[in-house]
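No hydrogens, no waters, no symmetry mates; every other heavy atom, side chains included, goes into these values. Every value quoted in this text rests on a predicted model; they were computed, and no experiment measured them.
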Amino acid sequence: MHYVTVNENQRGLLFRHGKLQGLLSPGRHLLYGGRRAELILLSQPVHSPSCGLETLLQCPEIAQAAAVAEVPDQHLALHFADGKFAGVLPQGKFAYWNILEKHEFRLVDISRPEVDESVPAYVFSEMPGSYFTRVDVASYERGRLCLNNRFERLLEPGTYYFWKRTPVKVDVSLVDTRLTQMDITGQEILTQDKVSLRINFVCNYRITDYVRSFTEIDDFREQLHVAAQLALRDYVGKHKLDEILETKEEISQYVLQRLREQEKTLFVEIGGGGVKDIILPGEIREIMNTVLAAEKRAQASVITRREEVASTRSLLNTAKLMDENQTLMRLKELEYI
């Protein structure tokens, strides 16, 4: 014979000789005749180390005081306590004491990975990441959604959630819709007169078909890069070094025209582009610098001689005026003195 005290936030499971007899309410209870009490907290799920949940729920007092959730296969249950999200329950049977708090459960079908709009977004901030995947599509992006390796649809900018515990494999690839720059650097190309050049080229492009560029082309960016390389080689190989240096703008126009011819097949729109740099070999650069210096010296010599002629002509005109006018001659003498 002994006494047991049950607090307000507790309940007591009454056992006699190991068999569940009932539920003890708050207060002081006298136990005798092989009886014992197992105290449990009302804030915890309905459970007991001495018996299973089904046995506990067979007791009418426990069944009346408990809220039960049965979660079938390919479902999850959103658990709310007093209207606040308390967690997520996987497949199985669960029971919570409906005494201090009111417990509610909302079943969610996860046979399809896309989260239904009826599920409030705020619950994912409290849910373990093992249950869902979050995908953020920025305002300048589009998302290509594939289910079991098959394209499903295009995702507009926004935030999307997908269930993980589903047999369907989910893949989302993001594509940038902005004008994108592509650099082609350090292309070693031989001119028609066998001079090796290095050309840096840049162009801008924008994807026009986000789906077909993904499903019909293997790495469209690499193919665009190769197309620009081939166009550069084709132009430079047909022209001499002097022609290339004099018609730099024509190279850009030729390459852009060749790229625009492939816009439909690569599902892109070419915005613009041009040659950034033409890098000459060291010995050719020295020769070009020597020629340039010689040209500048010749121009300087011509200018010097032109000024000398102008000065001599001016002196001759002055002499003629002084010879014809003695007064001017006398003024010049006085000015000199």
Side-chain angles (χ1 to χ4, degrees), residues 112-117 119 121-122 124-125 127 129-164 166 168-189 198-235 248-249 251-279:
R112 293 280 298 173
E114 294 185 65
V115 176
D116 191 82
E117 294 181 355
V119 179
Y122 75 89
F124 294 101
S125 61
M127 191 183 302
S130 58
Y131 284 97
F132 70 95
T133 298
R134 172 174 171 164
V135 177
D136 292 310
V137 183
S139 59
Y140 56 85
E141 294 178 326
R142 296 296 183 273
R144 293 177 294 226
L145 173 62
C146 293
L147 302 181
N148 285 338
N149 299 320
R150 295 184 61 182
F151 176 76
E152 183 71 13
R153 65 186 178 92
L154 202 63
L155 300 180
E156 296 296 324
T159 300
Y160 301 85
Y161 297 93
F162 301 91
W163 299 116
K164 281 185 176 180
T166 174
V168 180
K169 180 183 177 182
V170 178
D171 290 307
V172 177
S173 58
L174 300 178
V175 56
D176 198 325
T177 62
R178 297 173 294 184
L179 193 65
T180 306
Q181 177 174 302
M182 181 180 66
D183 293 307
I184 303 169
T185 59
Q187 295 301 302
E188 294 279 352
I189 308 174
R198 279 197 301 160
I199 298 180
N200 296 331
F201 188 85
V202 61
C203 72
N204 301 320
Y205 69 91
R206 179 184 284 109
I207 301 175
T208 56
D209 194 322
Y210 313 119
V211 178
R212 298 181 68 185
S213 64
F214 171 69
T215 58
E216 298 183 16
I217 300 178
D218 181 18
D219 197 350
F220 77 93
R221 181 178 174 85
E222 179 63 24
Q223 295 197 35
L224 186 63
H225 190 276
V226 172
Q229 287 180 318
L230 294 177
L232 280 173
R233 293 182 182 277
D234 184 50
Y235 183 91
K248 182 178 177 182
E249 186 62 28
I251 304 177
S252 303
Q253 295 176 359
Y254 179 82
V255 175
L256 289 176
Q257 180 182 355
R258 288 280 298 271
L259 292 178
R260 288 188 174 115
E261 291 174 357
Q262 302 189 46
E263 285 181 334
K264 293 184 178 180
T265 57
L266 296 178
F267 308 109
V268 297
E269 176 188 354
I270 304 299
V275 175
K276 291 176 62 178
D277 304 297
I278 298 179
I279 304 172

What are the two closest non-hydrogen atoms of [X] and [Y], and how far apart are they?
X: Ser252; Y: Gly274; result: OG-CA, 3.2 Å
X: Gln262; Y: Ala227; result: NE2-CB, 3.6 Å
X: Glu141; Y: Pro157; result: O-CG, 3.8 Å
X: Leu174; Y: Gly143; result: CD2-CA, 4.0 Å

Query raised in the report: Are more than 12 heavy atoms from other residues, nucleotides or ligands located less than 6.0 Å from atom NZ of Lys169?
Result: no
**Report entry** Flag if over 12 foreign heavy atoms under 6.0 Å of CG, Asp218
**Finding:** no
Report task. With sequence neighbours left out, write down each residue that passes side chain to side chain contact (heavy atoms under 4.5 Å, CB included) with Phe214, or none if nothing qualifies. Result -> Arg144, Cys146, Ser173
Report summary line: Sorted by chain and number, sequence neighbours left out, side chain to side chain contact (heavy atoms under 4.5 Å, CB included) with Arg198 holds for Glu188, Ile279
Report task. Given side-chain contact (heavy atoms from CB on, under 4.5 Å), test Thr133 with Val170 step by step and report yes or no. Result -> CA-CA 9 Å; Thr133 298; Val170 178; over 6 Å; no
If I take atom [atom1] from residue [X] and atom [atom2] from residue [Y], how far apart are they, to the nearest 0.5 angstrom?
X: Phe132; Y: Tyr161; atom1: CZ; atom2: OH; result: 6.5 Å
X: Ile199; Y: Gln229; atom1: CD1; atom2: CD; result: 11.5 Å
X: Phe151; Y: Thr215; atom1: CZ; atom2: OG1; result: 7.5 Å
X: Met182; Y: Ile270; atom1: CE; atom2: CD1; result: 6.5 Å
X: Leu266; Y: Arg221; atom1: CG; atom2: CZ; result: 12.5 Å
X: Glu152; Y: Leu147; atom1: CD; atom2: CG; result: 4.5 Å

Requested in this report: Test Thr159 against Asp136 for side chain to side chain donor-acceptor pair (under 3.5 Å), laying out the working first.
Outcome: CA-CA 5 Å; Thr159 300; Asp136 292 310; 3.0 Å; yes
Keeping [X] on the side-chain end and [Y] on the backbone end, is there a donor-acceptor pair under 3.5 Å?
X: Thr180; Y: Arg206; result: no
X: Thr166; Y: Trp163; result: no
X: Gln223; Y: Ile217; result: no
X: Asp116; Y: Val119; result: no
X: Thr208; Y: Phe267; result: yes
X: Glu269; Y: Tyr205; result: no

A side-chain contact here means heavy atoms from C-beta on lying under 4.5 Å apart; do [X] and [Y] qualify?
X: Asn200; Y: Ile184; answer: no
X: Val255; Y: Val275; answer: no
X: Arg258; Y: Asp234; answer: yes
X: Leu259; Y: Cys203; answer: yes
X: Gln257; Y: Gln253; answer: no
X: Asn149; Y: Asp171; answer: yes
X: Glu114; Y: Phe162; answer: yes
X: Glu156; Y: Tyr160; answer: yes

Report task. Please step through side-chain contact (heavy atoms from CB on, under 4.5 Å) for the pair Leu154 and Val211, ending with a clear verdict. Result -> CA-CA 8 Å; Leu154 202 63; Val211 178; 4.2 Å; yes
Query raised in the report: Which pairs count as salt bridge (charged side-chain N to carboxylate O under 4.0 Å, His left out) when at least one residue sits in residues 178-187, sequence neighbours excluded?
Result: Asp176-Arg178
